[in-house]
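Working notes, structure below.
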There are 2 protein chains.
Amino acid sequence: MLKGAKLYCTEPRVSILQAMIKADRPLARNQMVKLLGKNHFDKVTIYRTLECFLDAGLVHKAFLQKRAWFFELAHHCSKIQCHPHFTCTKCGSTECLIGVSVPMIKGLKKGIVIYRQQTRLEGLCQKCNSVTN
Amino acid sequence: MLKGAKLYCTEPRVSILQAMIKADRPLARNQMVKLLGKNHFDKVTIYRTLECFLDAGLVHKAFLQKRAWFFELAHHCSKIQCHPHFTCTKCGSTECLIGVSVPMIKGLKKGIVIYRQQTRLEGLCQKCNSVTN
DNA sequence: ACAGATTTGCAACTAAGTTGCAAATCTTTT
DNA sequence: AAAAGATTTGCAACTTAGTTGCAAATCTGT
Ligand SMILES: [Zn+2]
Ligand SMILES: [Zn+2]
Ligand SMILES: [Zn+2]
Ligand SMILES: [Zn+2]
């Protein structure tokens, strides 16, 4: 993947990419750090690595939560639209709604060009909902 | 409005609410500070004021941009869904797409309850698009 | 193994938002 | 109008995500 994207193939990049592939869900930096365990990299390195993955189109910034960006591999996404993301307001977990389709928006003013459309949902997840009563 | 929401009617609250009504677009704290001009309030006060407006249902957190929340009056919004927001990736401006309708998502797993659905668009605004070539 | 290009890690920084607490302000009662 | 009780304000100090500059380390192609 790295070579395909013409990126230098370095240890942090390989490890971070592996972690993201293994996790297969959106991750924020501190979650990556946990997954990387003893493979410790400076936070600057992680951010810069993610940025270069972004430029190469390998990952997307999926969403911002508690002021931290969550990144996910781009391979489940179409160019103009990722799958929707659902966040539980009670437990804070976020889930990718892969396979749920969202029509592109219509009726915009002329002159605007859309690069990307994103849908976010908030509510109660199955667990929290069943506990609620 | 404040009395209707059973809130203490204080100078910061009145001024901030007036600024938001006058602006009629999503504002982040530092934009409010500019609009308030010589009416200077501590940032803590502004955040706490916005939070109490939130609790009272007067405003919504519209979106997060550059790690700052933008707040807007809730009176254009339905309970489950605000209008979509469009952000220009070139100039960074964000626009409310009032009157553009978005169907609620379907086909979710059972057990999930949706409180809120949100659509975000990214692309080029009219200005930036016409300058581009 | 070398040279040139790129990436890494450190330290210092920026900026949004939060917390505790005493002083100030608001509302209601007298 | 003044007092009492409840709420809000502003300050200082803090937390945390993310950024910047730069020298040292690593990677690639020869
Ligand atoms: Zn939950
Ligand atoms: Zn996702
Ligand atoms: Zn623009
Ligand atoms: Zn809006």
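Letters A, B, ... mirror the listed sequences (proteins, then strands); counts begin at 1.
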Which nucleotide wins on minimum distance to the side chain of Pro12(A), given the candidates dG5(D), dT28(D), dT8(C)? dT8(C)
Ile80(B) and Tyr115(B): which non-hydrogen atoms are nearest, and at how many Å? CG1-O, 3.2 Å
Does the pair Glu95(B)/Lys109(A) count as a salt bridge with the N-to-O cut at 4.0 Å? yes
Would you say Thr10(B) places a side-chain N or O within less than 4.0 Å of OP1 or OP2 belonging to dT9(D)? yes
How long is the line joining [atom1] of [X] and [atom2] of [N], in whole Å?
{"X": "Asp55(B)", "N": "dT7(D)", "atom1": "CG", "atom2": "P", "answer": "14 Å"}
{"X": "Leu50(A)", "N": "dT8(C)", "atom1": "CG", "atom2": "C1'", "answer": "15 Å"}
{"X": "Arg13(B)", "N": "dG10(D)", "atom1": "CZ", "atom2": "P", "answer": "11 Å"}
{"X": "Asn39(A)", "N": "dT8(C)", "atom1": "CG", "atom2": "P", "answer": "13 Å"}
{"X": "Lys3(B)", "N": "dT28(C)", "atom1": "NZ", "atom2": "C1'", "answer": "13 Å"}
{"X": "Phe41(B)", "N": "dT9(D)", "atom1": "CZ", "atom2": "C1'", "answer": "10 Å"}

Quick check on DNA chain C: between Tyr8(B) and Glu11(A), whose nearest nucleotide comes earlier from the 5' end? Glu11(A)
Ranking Leu7(B) and Thr49(A) by the position along DNA chain C of their nearest nucleotide, the one closer to 5' is Thr49(A)
Residues 6-49 of chain A vs ring pair (Phe, Tyr, Trp, His ring centres under 6.0 Å), sequence neighbours excluded, gives none
Heavy-atom contacts, protein to nucleotides 10-23 of chain C, under 4.0 Å, summarised as B (base), S (sugar-phosphate only) or - (none) per nt, yield BB----BBBBB---
Mind checking whether Arg116(A) and Cys82(A) have side chains closer than 4.5 Å, heavy atoms only? yes
Looking at side-chain heavy atoms only, is the closest gap between Lys127(B) and Cys91(B) below 4.5 Å? no
Students often get this wrong, so: under 4.0 angstrom with heavy atoms, is Thr45(B) touching a base, only sugar-phosphate, or nothing? base
Cys52(B) near the nucleic acid: base, sugar-phosphate alone, or nothing, with a heavy-atom cut-off under 4.0 Å? nothing
Would His60(A) and Gln118(A) count as having a side-chain donor-acceptor pair, cut-off 3.5 Å? no
Quick one: CD1 on Ile46(A) to CG on Asn30(A), what's the gap to the nearest 0.5 Å? 9.5 Å
